[in-house]
Amino acid sequence: MRKLWYFLFYGLCAFTIAFSLYWMAAVPPRAARPGPASSAGSGSQSSSPSLRAGAALSGVPEGEEGYYLCDEGGRLSVYRCDAGGTPRQLLERTDIYVNLLPEADALRYKSGYYVWSRQELETLLEDLGA
């Protein structure tokens, strides 16, 4: 009888661990992307964390209107924005996994984050280790 209880206990533990790992790996449903008006002030904050794009964006011309960073398939993606702040063109899908970032940063990029200068974009991506 004791073996049966051990079997049930360890089986329940294994199931709990497997289910927890699946639950953590599951991607939450995508929320609507905020408009440029709701995040326009956040792109110029000096306390915002840095991201590092580095050499991956070296072919992108200077003088663009802005950049939009978001989580796509668990990885950080960078889009070029038009003058209105609408993401238009995918520039790069980085090797930065959003789920491995600190919680505050992960939430910021999962909801979408605007950057208004190329220098700020490169600094942010550099700090994240792209």
Side-chain angles (χ1 to χ4, degrees):
M1 187 70 174
R2 180 176 242 173
K3 288 182 181 180
L4 176 65
W5 287 112
Y6 280 126
F7 178 76
L8 290 175
F9 175 73
Y10 287 120
L12 180 63
C13 289
F15 173 77
T16 303
I17 291 170
F19 184 75
S20 297
L21 291 174
Y22 170 75
W23 191 261
M24 288 189 303
V27 178
R30 294 191 56 91
R33 292 182 177 166
S38 66
S39 63
S42 65
S44 61
Q45 293 178 351
S46 61
S47 63
S48 64
S50 294
L51 297 176
R52 176 180 176 182
L57 292 177
S58 61
V60 179
E62 295 286 334
E64 296 301 323
E65 298 297 331
Y67 303 95
Y68 179 75
L69 296 105
C70 63
D71 175 21
E72 285 188 349
R75 292 172 32 191
L76 187 66
S77 296
V78 180
Y79 284 86
R80 179 181 295 148
C81 295
D82 61 8
T86 306
R88 294 291 181 197
Q89 178 187 10
L90 176 65
L91 295 178
E92 177 187 10
R93 178 178 254 183
T94 65
D95 291 332
I96 300 169
Y97 289 93
V98 176
N99 291 337
L100 299 178
L101 296 175
E103 185 177 353
D105 292 340
L107 291 174
R108 177 179 297 130
Y109 301 123
K110 284 183 180 185
S111 64
Y113 187 70
Y114 286 92
V115 177
W116 300 107
S117 71
R118 179 172 170 82
Q119 180 180 4
E120 185 179 359
L121 173 68
E122 289 180 354
T123 303
L124 287 173
L125 291 174
E126 182 176 331
D127 289 346
L128 289 176

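- Proximity of Leu121 to Leu69: side-chain heavy atoms (C-beta onward) are separated by under 4.5 Å at one or more points.
- Between Lys110 and Asn99, some side-chain heavy-atom pair lies under the 4.5 Å cut-off.
- Under the side chain to side chain contact (heavy atoms under 4.5 Å, CB included) criterion, Leu4 pairs with Met1, Leu8, sequence neighbours left out.
- A 4.5 Å side-chain heavy-atom check between Arg88 and Tyr68 finds every atom pair outside the cut-off.
- From Thr94, atom OG1 reaches atom CD of Glu72 across 10.5 Å, with rounding to the nearest 0.5 Å.
- Distance OH/Tyr113 to CG/Asp105: 9.0 Å, rounded to 0.5 Å.
- Between Leu12 atom CG and Ile17 atom CD1 the span is 10.0 Å, to the nearest 0.5 Å.
- Other cluster members for Phe9: Tyr6, Tyr10, joined by side-chain heavy-atom distances under 4.5 Å among Ile, Leu, Val, Met, Phe, Trp and Tyr.
- Closest non-hydrogen pair, Cys70 versus Gly112, comes out as CB-CA, 4.4 Å.
- Rounded to the nearest 0.5 Å, atoms OH (Tyr67) and CD (Glu122) are 8.0 Å apart.
- Cluster partners of Leu107 are absent, since no Ile, Leu, Val, Met, Phe, Trp or Tyr has side-chain heavy atoms less than 4.5 Å from it.
- Every residue two or more places apart in sequence or in another chain was checked for a side-chain hydrogen bond (donor to acceptor under 3.5 Å, both in side chains) with Arg93, and none qualifies.
- Leu76 and Leu128 get closest at one heavy-atom pair: CD2-CD1, 4.0 Å.
- For Leu90, the side chain to side chain contact (heavy atoms under 4.5 Å, CB included) criterion is met by Ser77, Tyr79, not counting sequence neighbours.
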